[in-house]
Every structure is written in structure tokens, then in C-alpha cells.
There are 2 protein chains.
Amino acid sequence: MSRRLRSITDPDALPGYRDNDRASARIEFLREALPPGEDVERVAAVFRLMGDPGRVRILATLLEAGEVCVHDLASVAGLSESSVSQALRLMRAHRVVETRRAGRVVFYRLGDNHVRMLLDLAITHAGHSPAVTAVSSPIDPTRQEPT
Amino acid sequence: MSRRLRSITDPDALPGYRDNDRASARIEFLREALPPGEDVERVAAVFRLMGDPGRVRILATLLEAGEVCVHDLASVAGLSESSVSQALRLMRAHRVVETRRAGRVVFYRLGDNHVRMLLDLAITHAGHSPAVTAVSSPIDPTRQEPT
DNA sequence: TGAACAAATGATAATCTGTTCAGATGAGTC
DNA sequence: GACTCATCTGAACAGATTATCATTTGTTCA
């Protein structure tokens, strides 16, 4: 976060946070700081692709094994070959995975390091993070206030 | 990837890749290497939450500004306050965002560093990556074979 | 060439998701 | 207390997503 941004947006740093003019300036500033719409769409698309248990199993398998054929992916992930094929098609279109053909077998691998890092980060973190809470009130009385 | 895993799964490293027994061993091994089902679900859930353009805008705003109230989030992201509230509720349940109340205003911020890293990585990468391809054949003739 | 195999595709139905609307809650203010 | 503001919630609808089945393509091998 930039210094200027902080000075504009910090709710505690300024008196008159609720003032209309200040609010407009803040919103204007933040809106301009957003990534371009095209990038937002691309980010969302990749995350959406990674947001399905079956596809996560496929990707985790590729992360572990490097290169795997469709048939094996289906067996490992516990999905039909058709499902896997459909999933791979979507991920191919967004370069989340890439292919190599060897005879009649097609091997899939992760598309790039970026995907590899996202996956690795998420899986590692999931390994030692608390379970999901029930849908709760925005302010949970049992929650500790940050210091 | 472990050495043993590579020796079992590398399609080029072994003759008899297609052999049934070897295939079974390979699949068995990969299946056991998958993260626990609970972790897979959790990873998928977080990615799914991050896989919507509106929510990406919300999260990107929080990444940039640190703490933002619901009303401002709606203005910046170009969504109704109700939509934002619904989105935040989902993300709250998975600890993707956290809250702080100040009077009748509720400020939201990113839940933890893990989320921050995922977002940052994805947005940075989207900034200089090629657009999405049309749905294409698994083996695109124009594609370069990896070396 | 034809049989066997791996993978991809198209179409469909069932399911899931996101948005909106109307109303409820909770906190400040007069 | 009545009023306003900021936010939250539940229900309902439209649109997107998913799995599945049948079919097709492309490859190897007898």
C-alpha cells in the first residue's frame, strides 16, 4: 500500500472519514487503483477453474507427477474420462494445463510456474488451517480483536 | 516431486509404461500422494470464492487499501451493496476476509497472508500474460513442443 | 483394411451461483 | 423513543456450470 493511498484511505488516520467529499476522493482513488477489467476477468477465470474439487485433484496430481495421461488422471482423481476431458479442455483454453502427445496417449502437465505456485501455496496452507466456520454474523463475539 | 515418484511415473523413463501392473502401481501411488479430501475441498472452496470478477474486485480493493467499509467496496467494485454483502458473507465463512466494526460501519480486510499472496501472484501474472485462447484442440499444431 | 484403444466432442438434464428485492437488525442521533 | 444510516438476511429468479451419454476423431496394431 502506497503512502498516499494510506493517507487517503486509512479510516483511523483522518478526521472526517465520513465526509462526502473525502469519501468521493477515496472511492475515486481506489477505483483507479483496481487492475484493468481485462486482468480482473482473467484472474477470476483462472481461480474459477481451480475452484472445483475434481479439477483440484487433477491439478494436484499434475503438480506431484509432472506429466500424466487422461486415463490415469481419471483413475487417480476418481472421475469419468469424459469429465476429465471436459475439465482439461476448459483448463487448456486458459493455459492452466498444456499437452504433449505420444502415440495415441496425450500427456498433460501444468501450464506454467504461476499455476504451480498458486496450487502449491493453497495446498500447503490448507494442510494446517482451521476448518470452515458456519455462516456467521459479520462480527463474531468470540473473535479476538486485532491489536 | 520425489525421486521414487519420478521413477514410477515418468512416461519416458521406463519401458512398459502401458503395462497393466505398472499402470496400477502408478495410479495407486499417485492416488495416495493426493492431499486429503478435506484439504482438497478447502482449496477448491477458496479458489471458487476468488473465481468471480466482482469478488476479485472486492479483494483487489482490500489488497490495495487494507481496510474498506461495505459502502465503499460497493462503489469501487461497481456492485450493489446487497451483492457486496452477500459476497462478503461467503468469504467471511471461509476466512478469506475479516471484519472490524467501528460504530455502525463495518470495515473489511483480507483474512490472512495466504490470501494476500494468492491474489497478488494472480494479479501480477495477469498483468503480463497472453489472452485466453479459443477452445482449441488438445494438440495445437502451431504450438511449440517443449524442449 | 478393420479392430481396439485413447481421447475429444456435442447435446442434454440436473445442479449451482449471483443478483435483486423486500424486509430485518443494530448502532448512532435527535 | 422515533428516526436515520450502514449493513445483513432470506427468498426467488435467470443464467452459468457440471456430469453424463452417445458419438466422433485420431492412432496403433494385427
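Within every chain, numbering begins at 1; the chains are lettered A, B, ... in the order of the sequence lines, protein sequences first and strands thereafter.
- Scored by the ring-ring contact (aromatic ring centres under 6.0 Å, His included) test, A/H114 finds B/H125 as partners (sequence neighbours excluded).
- A/R92 has no side-chain polar atom (N or O) that falls below the 4.0 Å cut-off from OP1 or OP2 of C/dA7.
- A straight line from NE2 of B/H71 to C1' of D/dT4 spans 14 Å, rounded to a whole angstrom.
- Atoms CG and CD1, from B/D72 and A/I27 in turn, are 4.0 Å apart once rounded to the nearest 0.5 Å.
- For the residue pair A/A122 and B/F47, the shortest heavy atom distance occurs at CB-CZ, 3.5 Å.
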Query raised in the report: For every nucleotide of nucleotides 20-26 of chain D, 5' to 3': is a protein heavy atom under 4.0 Å from its base (B), only from its sugar-phosphate (S), or from neither (-)?
Result: BBB----
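- For B/S85, the side-chain atoms get nearest to D/dC8 when compared with the rest of C/dG18, C/dA8, D/dC8.
- Side-chain atoms of B/Y108 and B/R100 form no donor-acceptor pair, as typed in the model, at a separation below 3.5 Å.
- For the OP1/OP2 pair of D/dC8 and a distance below 4.0 Å, the side-chain nitrogens and oxygens of B/Y108 include at least one atom meeting the criterion.
- Closest to the B/V105 side chain, of the nucleotides C/dA7, D/dC8, D/dA6, is D/dA6.
- A side-chain donor from one of A/S83 and A/S80 sits under 3.5 Å from a side-chain acceptor of the other.
- Listed nucleotides: C/dA8, D/dC8, C/dA6. Nearest to the side chain of B/V70: D/dC8.
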